[in-house]
Number of protein chains: 2
Amino acid sequence: MASCKEGDRVAITTDDGIYEGILMPRPELLPKGFRVLKLDSGYNIGIDEKRIRKTDLLEAYAPKAQRRAARPPRKGLPTVAILSTGGTIASRIDYRTGGVSADYTADDYLAMLPYLADIANIRARKVMELMSEDMLPADWQAMARAIKKELDAGADGVVLTVGTDTLHFVSAALSFFLKGLERPVVITAAQRSIDRGSSDAFMNLACASTAAAKADIAGVVTCLHGTTDDEYCLLIRGTKARKMHTSRRDAFRPVNDTPVARVYESGRIEMLRKDLPKRGKGTCETDDAFFEKTALVQVYPGMDPKVIDFYVDAGYRGIVLAATALGHVPTNGKKSIIPNLARAQEKGIAIVVASQTLYGRVHPYVYTNLRRLSVELGCLFVEDMLPETAYIKLGWVLGHAKRPEDVKRMMLEDVAGEITERSEEGTFLS
Amino acid sequence: MASCKEGDRVAITTDDGIYEGILMPRPELLPKGFRVLKLDSGYNIGIDEKRIRKTDLLEAYAPKAQRRAARPPRKGLPTVAILSTGGTIASRIDYRTGGVSADYTADDYLAMLPYLADIANIRARKVMELMSEDMLPADWQAMARAIKKELDAGADGVVLTVGTDTLHFVSAALSFFLKGLERPVVITAAQRSIDRGSSDAFMNLACASTAAAKADIAGVVTCLHGTTDDEYCLLIRGTKARKMHTSRRDAFRPVNDTPVARVYESGRIEMLRKDLPKRGKGTCETDDAFFEKTALVQVYPGMDPKVIDFYVDAGYRGIVLAATALGHVPTNGKKSIIPNLARAQEKGIAIVVASQTLYGRVHPYVYTNLRRLSVELGCLFVEDMLPETAYIKLGWVLGHAKRPEDVKRMMLEDVAGEITERSEEGTFLS
């Protein structure tokens, strides 16, 4: 027992049976007197030391092999830059320390996925190392600059790996920040970490690299599992994707939009629509001003109208309401938020109305209450735009425009597929 | 022209063609000099008077017929109470005034849907007249009392008609408010008003009445279209339904749950699960204390941590966070909300964590940041509960309990199907 160290592959014999796996550090939360074993399934179990009869060393921990020299680029293959920013896809556990490492190089990716070298000449770089819940507008701006740098250096496409939690905020931000983008920027991630047998990281990375290398599209798309099986990945426009499940591999769904393409691990790309911009010869400009005092507020019955005042008094210049259905807000008695919105309006704050149903489009003229919002208060009803995308877009618009008429024009004008003429019905719930 | 009045059925001949329909009052927003015609499709069009060559009267407006005396109840049929509270389903336009009327009686329903009389002895009553975006906890409490009254008076089941926008808040509230409910309470509504050819009101009302009359279930369920066609209505548990589309007839979807049954207009009920409580002989008690200083806050990158302080300082005792995915919140630098949550925690405010992905379940132990929330701050991770349901439940729990340990126990204990052992995967997106 004493001879087995964390990181070693061992077989632990207990009263109940034998467990094989890698010895892990004990998490703080687990009482002393427990050993933690990472099973081949990827799950960790805690074993009471009192129940352990013996521990056999199967394979001693071997420190990470020396990095090989970068491969020489192969002629005739496109070039793809893979930029890593953190998140589950970049979370590989170091079995010695229990810490998380995201220090990937091109060769790390190639070592894990040798067939990436057949898709493209890969160059990879770590841009930052953050879980996506901690990302802020400045991080999206840094990503935009890093992407432009790779495109300017000749990459035919860029793969950006991100944590899934706020991936759709990232994809929306980059859709607005990368102006005149003429190549694919493909955002991918993993719902399950790369050291688990069931990880979706490998297929997502391979499909994203394929899309970046050869998909005939220009723009920002997400690329993750399209089904719970490893059938294909879906490309979805960056402004129309949303994480719709906490853990499923196919959590990213197109909302009010037809997906762009299916990408198979075999390298096949099945285009699902023909109306999108095609790949060109240019790269892009970054246009990433973002006004941070922009808020996203979910509306609900019983909500405190003063929360609107909170944002007004804190110097906010824009509020996105995730209103109910067609765009309603409470209008009744003391709980009406209309006076508070009117005050915000007087102070020149842009009020944008999107729907918390997510699917479908808001509509300012169906009911009397909605006409009050749209006509009297000048709220901007943003059609079939997701509330999260509306938040990103409003921050971006306020970074560029001050006059209400300019804010209105920019918000209601489709820039990156965030407003579609007619919401697709076919991609809704089963 | 002068001889045709609003409410009359007319044929208007213009330069472009002939339009048939009912003359409507001109909405304020439309400039003078326009006539408004309600076409048989249900849509209104505005016609410039300058373009009108002639207007022919087809059928003069007839005031509402005298109400017939209530039918005598038929023996052997169950009794169903239909309670109306407003919303689109109760919005019938009076073509003379343009106003909305929701003054339904049993005979109004029977006149519109004569076959309701074959389903049950119907008695109907208007409880209130509100669009659902304006409903407040006091209204949910009034509904609970009205439902209990009908059940105590012998109704075999109750149909409640509500506006769709916050229907899932209503259904969740009643799921907690009606204690020991032994009969079906079926909440229905319409996405399109009853005077439109494409209205879903008729089928929804018929199916809801069928379910209230004879479904072998006890509890609160929603009953609306299950598909975009008129195939069947779905019964969904009141704590697991959510409006997921602004306008589609099948907007209400089961989230993390298998629907209870399909109900066909023919009167057939196809049960989809067998694990739910069956109809009994008792009625229910109302247990509807609700603490109104309860908030629902959507988490997003760049959010203002001070919004948590706003609720703390305003005397709130509970906050539901619609966190990202497994339950994350921003933890980074100045934008971390952890210090603000810690302050709330010190003041005894309950922090509940649900997921903004809606589908799936939160999990407090996967990532380090989540362990901070759950262990250090005592945040309550409410499994696969919808954020909206968690908001309703927290208000209800805080109406009953003050001690943190009681709030915790009640929040994490399944009361009305809001927490399921294992979230159904099959009802997710297509």
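Chain A is the first sequence line, chain B the second, and so forth, proteins listed ahead of strands; every chain is numbered from 1. Just so it is clear, the model here is predicted, and its values are computed rather than measured.
A distance-only check finds a donor-acceptor pair linking the side chain of B/D134 to the backbone of A/T331 [under 3.5 Å].
Proximity to chain A (any heavy atom under 4.5 Å) is restricted, for B/V329, to the backbone atoms N, CA, C and O. Of the atoms belonging to B/T294, it is backbone heavy atoms, and not side-chain ones, that fall under 4.5 Å from chain A. Using a 4.5 Å cut-off between heavy atoms, B/L130 contacts chain A through its side chain alone, with no backbone atom that close. Only the side chain of B/L136 comes within contact range of chain A, with heavy atoms under 4.5 Å apart. Neither the backbone nor the side chain of B/K293 comes within contact range of chain A; no heavy atom of the residue lies under 4.5 Å from a heavy atom of that chain.
Aromatic ring centroids of B/Y391 and A/Y300 lie under 6.0 Å apart.
Here CG of A/L326 is found 9.5 Å from CD of B/E133. Values are rounded to the nearest 0.5 Å. Between the CZ atom in A/F310 and the CG atom in B/D309 there is a gap of 7.5 Å [rounded to 0.5 Å]. Expressed to the nearest 0.5 Å, how far CG of B/D313 lies from NZ of A/K306 amounts to 13.5 Å. Atom-to-atom distance recorded for A/K243:NZ and B/S355:OG is 7.5 Å, nearest 0.5 angstrom. Taking CD from B/E388 and OG1 from A/T324, the interatomic distance works out to 11.0 Å, rounded to the nearest 0.5 Å.
Heavy-atom pairs under 4.5 Å with chain B were tallied for A/L358, A/V307, A/V362; the largest tally goes to A/V307.
Counting only N and O atoms by type, the side chains of B/Y316 and A/D304 include a donor and acceptor under 3.5 Å apart.
Among the candidates A/V170, A/T166, A/D165, the single residue satisfying the side-chain contact (heavy atoms from CB on, under 4.5 Å) test with B/P301 is A/T166.
Summarising the geometry of A/A325 relative to B/T246, their closest heavy-atom pair is O-CG2, 3.4 Å, with the distance given to 0.1 Å.
Inter-residue side-chain proximity for A/E292 and B/K335 is flagged as met; some heavy-atom pair is nearer than 4.5 Å. Put simply, the side chain of B/Y359 does not reach to within 4.5 Å of the side chain of A/R248, judged on heavy atoms. Using a 4.5 Å heavy-atom cutoff, the side chains of A/R242 and B/Q356 are in contact.
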### Message
Evaluate B/M244 against A/T357 for side-chain contact (heavy atoms from CB on, under 4.5 Å), listing each step before the verdict.
### Response
CA-CA 4 Å; B/M244 293 298 295; A/T357 62; 5.5 Å; no
#### Entry: side-chain contact (heavy atoms from CB on, under 4.5 Å) assessment of B/M303 paired with A/L296
CA-CA 8 Å; B/M303 73 178 282; A/L296 172 58; over 6 Å; no
